[in-house]
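Note sheet for the following structure.
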Amino acid sequence: MKERIGEGDDRELHTRAAEAQAPEEGPEEAPSLLEMLAAVRRALAPFGRKRVFTASLGLAGALLGGVLLFSGVSFWWTSQPSFCARCHPMQKFVQAWKESPHRKVNCERCHTPPGLFGFLGGKIAGLQVVLDYVREEYRDWSFNAAVPNAACLQCHEGVLEKNLHARGIAVSHRSIISAGGKCMSCHSTVAHGSAVPVGSETHPSMAACLKCHNDKVAPLRCNLCHVARAQAPAGS
């Protein structure tokens, strides 16, 4: 009985010694980038370099075309008033726009400066507004709805050619714009009407004129604009 126990102990000791001497197997190392490239090269070797190059060029062209198509559709879609109307705070502005003389002009035509860089800058600013809305951080001041003069003059460049006469008043838009005046200073409601917040709406009025015609910024002479009154016969 003792001999059997001794033999069992010896066997256990030999097993432990063998396990101690055996090298430990670690986790398999991931192949390096060079090894992966070499494997790809070996796999593609039967097809020939010319065919591989042609296929790679075609794949790159397809990917580039897909990116350009996706970008074009995205730019077009995000320029539509229907996209802006998805944001609840914008719905009243879109509805007022539909009833205005500018209903055939989309949002980005007015709210971004003309040119490629102005367009891309407007898209980046618009993306920030979308992110603010999704994160529920949108505020009334999150979006700058100012319309630059250059955007207005894309369609209304005729106002610079001559003075406009209405109700006996002559207005020189060329002089106003040359002096740094902004179209929005008098015409902020032309596309959105009563949807423009109180305090932000502007109209061509005597009060608006007197902001500049104060003998400091611009001359304060009645006959400068009120041409009908200046031309009226004496005693009238």
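Heads up: numbering here begins at 1 and tracks the sequence. Given the structure is predicted, the values throughout are model-derived calculations rather than measurements.
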If you look only at distance, which donor and acceptor atoms sit under 3.5 Å apart when one is on a side chain in residues 150-165 and the other is two or more places apart or in another chain?
from   : atom 1 : to     : atom 2 : distance (Å)
Gln154 : OE1    : Arg109 : NE     : 3.4
Gln154 : NE2    : Arg109 : O      : 3.2
Gln154 : NE2    : Ala151 : O      : 3.2

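Looking at heavy atoms from C-beta onward, Val105 lies in side-chain contact with Cys110 at the 4.5 angstrom threshold. Leu210 places a side-chain heavy atom less than 4.5 Å from the side chain of Leu220. Asn106 places a side-chain heavy atom less than 4.5 Å from the side chain of Pro81. Proximity of Ile176 to Val171: side-chain heavy atoms (C-beta onward) are separated by under 4.5 Å at one or more points. Between Phe119 and Pro113, every side-chain heavy-atom pair lies at or beyond the 4.5 Å cut-off.
Considering CE of Met90 and NE2 of His192, their distance stands at 9.0 Å, rounded to 0.5 Å. With rounding to the nearest 0.5 angstrom, the CD atom of Gln80 is 8.5 Å from the CD atom of Glu108. Of the inter-residue distances, the one linking Arg103 atom CZ with Trp97 atom CH2 reads 9.5 Å to the nearest 0.5 angstrom. Cys107 SG to His102 NE2: the interatomic distance, rounded to the nearest 0.5 Å, is 12.0 Å. For the atom pair Ser205 OG and Lys211 NZ, the distance stands at 7.5 Å (nearest 0.5 Å). Atom OG of Ser188 is separated from atom NZ of Lys182 by 15.0 Å, given to the nearest 0.5 angstrom.
In terms of heavy-atom proximity, Phe83 sits nearest to Trp77 at CB-O, 3.3 Å. Closest of all the heavy-atom pairs between Gly122 and Thr112 is CA-CG2, 3.7 Å. In terms of heavy atoms, Ala146 sits closest to Pro148 at O-CD, 3.7 Å.
A donor-acceptor pair shorter than 3.5 Å can be found between the side chains of Gln95 and Glu99.
Heavy-atom neighbours of Lys123 NZ from other residues, nucleotides or ligands within 6.0 Å: above the threshold of 12.
Under a 3.5 Å cut-off, the side chain of Asn149 and the backbone N or O of Gly181 do form a donor-acceptor pair.
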Could you walk me through whether Thr202 and Ser185 pass the side-chain contact (heavy atoms from CB on, under 4.5 Å) check? CA-CA 6 Å; Thr202 57; Ser185 297; 5.7 Å; no
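Using the six-membered ring where Trp is involved, His187 and His173 have ring planes that are parallel, under 30° apart on the 30 and 60° scheme.
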